[in-house]
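Input: a single structure, listed below in structure tokens.
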Amino acid sequence: MNRIWNSIVGKLWATILLLVTFILFIVTALLLEFLDNFHTEQAENSLEREAYTIAKIVWQHEDEASRLIPIVQDILDEETNAIILNENNEVTYAFQKGLNKERIEQKILSEPAFKKVATTGKPVFKEMILPSSVEQNVMEKYIVLADPFISENVTKGTVFIYQSLEAIHNTTKRTTTIVILSAFIAFILTTIFAFFLSTRITSPLRGMRQAAFELSKGNFDTTLPSLQNDEIGQLATAFNQMGRQLKYHVELINQEKEQLESILTSMTDAVITFNRDYTILLSNPQAERLLQNWYFKNNATDKTIPPEIFHMLEHVLSFSEEVEDELELGGQFYTISISPLYSGNSIRGAVAVLRDMTAQHQLDKLRTDFIANVSHELRTPISMLQGYSEAILDGVTSSDEERNEMVQIIHEESKRMGRLVTDLLDLARMESGHMILHKNVFNVTPFLERVVNKFMQTAKDAEVELVFNSLKDIDPLLDADEDRLEQVFTNLIDNAIRHTPSGGNVSLSVEIYTDTCEIIVTDTGYGIPEEDLPFIFERFYKADKARTSGKGGTGLGLAIAKNIIDSHGGMISAKRGIHSGTVFKCALPLKKM
């Protein structure tokens, strides 16, 4: 809208429009005032004629009511009503259509201005606020005429005739509508005239202005027609040449920018370009993810730079030296290289390249931990094998019984080493995805009863009560590898018995949900510390020493159990008991019927 008012077309259009509007306003105001007075005067004259006619008919045919009433109703129009009083001021006839007849009649007859009509013999006009005849609880403005009928100098009665001023107002509204329509037509014609007048003057300039706006938006294909040989035509030619040059240079810049973005996006390393004031100018998606993770973990704003990077960047910008280092951000390990960027002989910023070395760190730690754990597990049995075998070779044993005892120890330790190697091979096969499951459909209850029966004697020897709480009404079905699951629950029950003191108990129970069977192993033993629970399914992880010392085990059983349950699409978890001990829960999908 501001562009129209600031243009030549807008100013010319506004001037003509204001002039026409002012004239129409003056004419409309005078015309409406005149028409309002005219319609009011016409209404009063009409009411006076109708009152006289009605009075004459009523007193000439007062004994013929059946003929009188239709004649009077024909005289009155839809919006006019009448009340007829005799010489004793008693209502003889009342002609009214619509609502509130009694209230209107009462207000008119009680009006003090009409009391003197019978004595003066002159008609009285008055505008009154009366109840509406078409709507309840609405007041309207009426014009009321009280006209006495005089015959032979004797007042025979009074005719009250009244009409709503809504009819006059409707006439005025129609007139106003006509005037407004005329003003609208004048507005349209004025607009057409103003625009037509200015077209040949301002059209070329408006075209250049619009083309310049399109050029500023990047639409470099915009051209202007050179239809004139004057200065405007020459300006259009120069404008077209400028657009072609701009298009060429912008396309060249975009090609270089797209090439740079493709290179940065395809890089696996995070790349960040910094300004001289330490603000980030450019970053690739890898860098954005790195920074967003750091912002989230440290509750920082998007404009904050990690302190480790900030100190290195400060050194680069201050001393113009390239810096390389390793750092940790949010639990991730990176190697970072920051180099200065030059603009002529001055530094305008720096570029940082971060390579994620977290996986490499984890692999190195895993390899180190694995070697340390295997070495630790093998050291004790190898030492015992070496010690006892040397004792036998050196003839330290004095009897066959001692020699047999040493041989038995050597045999037990060799079996322990064999179990460790077997567990390592099984775990390696599972984690590499080469484990084959031989699934079949079987009932859970007989399967668990068989597993529990295997440990009844062991539990009795350890003075531990082993209980299986089976489901009485339901025997769920599993589609799984029965041997692998037996390996899992054998490990869990064996651990529970070994780590439960005498007098304790171990229970095995089953709970059924919509599509899941949950098998729970609960013991009242020492319990696993809360801080160790998240790590007990890792390889060689040993919890509290009170649970492991003197209890055998390779530290791989729970890791193998977790891999078996995961391969069946289930989930295994552990938590401390309410008072003591540990609760293991294995959730497995039920057989779909």
Side-chain angles (χ1 to χ4, degrees), residues 250 252-344 346-372 431-433 531-539 541 559 562-563 566 571 573:
V250 169
L252 187 62
I253 293 172
N254 286 336
Q255 288 177 0
E256 295 180 354
K257 181 181 178 182
E258 291 174 358
Q259 185 177 3
L260 178 61
E261 289 179 350
S262 299
I263 294 173
L264 290 176
T265 303
S266 61
M267 290 180 64
T268 57
D269 299 337
V271 180
I272 309 174
T273 302
F274 297 96
N275 202 352
R276 191 71 176 84
D277 58 356
Y278 304 99
T279 58
I280 297 176
L281 290 178
L282 180 66
S283 60
N284 64 348
Q286 290 77 7
E288 291 176 1
R289 286 195 294 270
L290 185 153
L291 292 174
Q292 289 298 328
N293 291 334
W294 186 85
Y295 295 149
F296 177 76
K297 292 179 180 179
N298 295 273
N299 295 323
T301 61
D302 291 348
K303 296 183 179 180
T304 307
I305 301 175
E308 299 87 348
I309 299 178
F310 180 83
H311 296 315
M312 298 174 65
L313 178 63
E314 189 176 28
H315 179 85
V316 171
L317 295 178
S318 301
F319 299 100
S320 303
E321 295 179 353
E322 182 177 350
V323 175
E324 293 184 1
D325 200 358
E326 290 189 3
L327 54 85
E328 180 183 358
L329 290 176
Q332 304 290 317
F333 296 91
Y334 298 92
T335 59
I336 180 172
S337 174
I338 304 181
S339 304
L341 295 175
Y342 293 93
S343 178
S346 61
I347 295 178
R348 63 179 179 86
V351 59
V353 180
L354 294 91
R355 176 167 295 177
D356 191 351
M357 302 296 292
T358 305
Q360 185 65 38
H361 272 264
Q362 292 176 346
L363 288 175
D364 292 341
K365 184 177 183 302
L366 184 63
R367 182 169 55 251
T368 303
D369 292 345
F370 178 77
I371 294 173
E431 291 184 345
S432 64
E531 62 272 14
D532 290 323
L533 286 175
F535 310 104
I536 61 174
F537 295 106
E538 294 182 3
R539 293 180 294 180
Y541 187 83
K562 185 177 187 306
N563 274 278
D566 290 343
M571 184 172 61
S573 63

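The residues of the chain are indexed from 1 along the displayed sequence. In what follows, every heavy atom counts, from backbone to side chain, and hydrogens, waters and symmetry copies are set aside.
- For the atom pair CG (Leu317) and CZ (Arg348), the distance works out to 11.5 Å, reported to the nearest 0.5 Å.
- Put simply, CD on Glu328 and CD on Glu308 are 8.5 Å apart, with the number rounded to the nearest 0.5 Å.
- For the pair Ile336 and Glu326, the minimum side-chain heavy-atom distance is 4.5 Å or more.
- Leu341 is not listed as a side-chain neighbour of Ile347, based on a closest heavy-atom distance of 4.5 Å or more.
- Pairs passing the ring pair (Phe, Tyr, Trp, His ring centres under 6.0 Å) check and including a residue from residues 258-278, sequence neighbours excluded, read Tyr278-Phe310.
- Without hydrogens or angle criteria, Asp356 side chain to Thr335 main chain gives no donor-acceptor distance under 3.5 Å.
- Under a 3.5 Å cut-off, the side chain of Ser318 and the backbone N or O of Glu314 do form a donor-acceptor pair.
- By the 4.5 Å heavy-atom criterion applied to side chains, Ile280 and Leu291 are counted as neighbours.
- With sequence neighbours excluded, the residues satisfying ring-ring contact (aromatic ring centres under 6.0 Å, His included) with His315 are Phe319.
- Annotation: side chain of Gln292 is not in contact with side chain of Arg289 (no heavy-atom distance under 4.5 Å).
- Leu327 places a side-chain heavy atom less than 4.5 Å from the side chain of Met312.
- Atom CG of Asp269 is separated from atom OH of Tyr334 by 11.0 Å, given to the nearest 0.5 angstrom.
- Inter-residue side-chain proximity for Val351 and Ile272 is flagged as unmet; no heavy-atom pair is nearer than 4.5 Å.
- With rounding to the nearest 0.5 Å, the separation of CG in Leu281 from CG in Asn275 is 4.0 Å.
- For the pair Glu324 and Glu322, the minimum side-chain heavy-atom distance is below 4.5 Å.
- Nearest heavy-atom pair across Ala350 and Val316 is CB-CG1, 4.2 Å.
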Worked verdict on Leu354 versus Leu290 for side chain to side chain contact (heavy atoms under 4.5 Å, CB included): CA-CA 9 Å; Leu354 294 91; Leu290 185 153; 4.1 Å; yes

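- To the nearest 0.5 Å, atoms NE2 (His311) and CD1 (Ile305) are separated by 11.0 Å.
- Here Lys257 contributes atom NZ and Ile253 contributes atom CD1; the two are 10.0 Å apart, rounded to the nearest 0.5 Å.
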